[in-house]
Amino acid sequence: MSEARPPHLQVRLMGLVLVGGAVGTLARWAVGLAVPHVLRLPLGTFTVNLAGALVLGALLEHLGSRGPDTDRRRALRLTLGTGFCGGFTTYSALAVDTDALLRSGLVGHALAYALATVVLGLLASALGVALARRLAGRRGRTA
């Protein structure tokens, strides 16, 4: 029986990560087409990494506040968090883009891009957590 297996060995859960990752990757590709480089900075990559951090912070806070990581919550976490956000964000591209900027002699651009991505990514994640908590508080007051 597959349910007796650890989650990382369950085909159904692997499929959810695969589907979420494919959709996230397509979404990242679309953002990359829509958002141009400005002053040689890859703003598409910057955008997806910040947006992904915001969504992942909100998602994990929301799911974590609802109870243990089982059944539906686990499926949502794996599909949207691991799959979609994992495919949508691209920290490897951040590293490659930073390296390209450095090799082009744009040291200030490279440092600003890398530092802004990390610092603003942390802030975006914290904002996502705060938004999820605020929404949960509103739901609690109206229920």
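Because only heavy atoms are used, hydrogens play no part in the values below, and waters and symmetry mates are left out as well, while side chains stay in.
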Side chain D69, main chain G64, donor-acceptor under 3.5 Å: no
Joint cluster assignment, L43 & L123, ILVMFWY side-chain distance < 4.5 Å: yes
Spatial distance of atom CG (N49) from atom SG (C85) [nearest 0.5 Å]: 11.0 Å
Exercise: identify the closest heavy-atom pair between R66 and H62: CG-O, 3.0 Å
Pairwise side-chain contact, M14 with L18, heavy-atom cut-off 4.5 Å (strictly under): no
Any V31 side-chain heavy atom under 4.5 Å of F88 side chain: yes
Rounded distance (nearest 0.5 Å) linking atom CZ of F84 with atom OG1 of T25: 9.0 Å
In one Ile/Leu/Val/Met/Phe/Trp/Tyr side-chain cluster, 4.5 Å: L39, L115: yes
D97 side chain reached by L41 side chain, heavy atoms, under 4.5 Å: no
Over all atoms of both residues, closest heavy-atom pair of R40 and S104: NH2-OG, 3.2 Å
L102 vs V107 side-chain heavy atoms within contact, under 4.5 Å: yes
Heavy-atom side-chain proximity of Y91 to T117 below 4.5 angstrom: yes
Closest heavy-atom pair and its distance - R12, A75: NH1-CB, 4.3 Å
ILVMFWY cluster, L63 and V19 together (side-chain gap under 4.5 Å): no
Heavy-atom closest contact (A53 atom, G121 atom, distance): CB-O, 3.4 Å
Min side-chain heavy-atom separation R77-T82 under 4.5 Å: yes
Co-membership, hydrophobic cluster, residues L106 and Y113, 4.5 Å side-chain: yes
Shared hydrophobic cluster for V119 and L56 (ILVMFWY, side-chain gaps under 4.5 Å): no
Donor-acceptor under 3.5 Å (T79 side chain, L76 main chain): no
Over all atoms of both residues, closest heavy-atom pair of L59 and G81: CD2-N, 3.4 Å
Donor-acceptor contact present, side-chain Q10 to main-chain R5, <3.5 Å: yes
Within-4.5 Å side-chain heavy-atom neighbours: T98 and L94: yes
Any donor-acceptor pair under 3.5 Å from S65 side chain to E61 backbone: yes
Minimum heavy-atom distance between V48 and T89, given as atom pair plus value: O-CG2, 3.6 Å
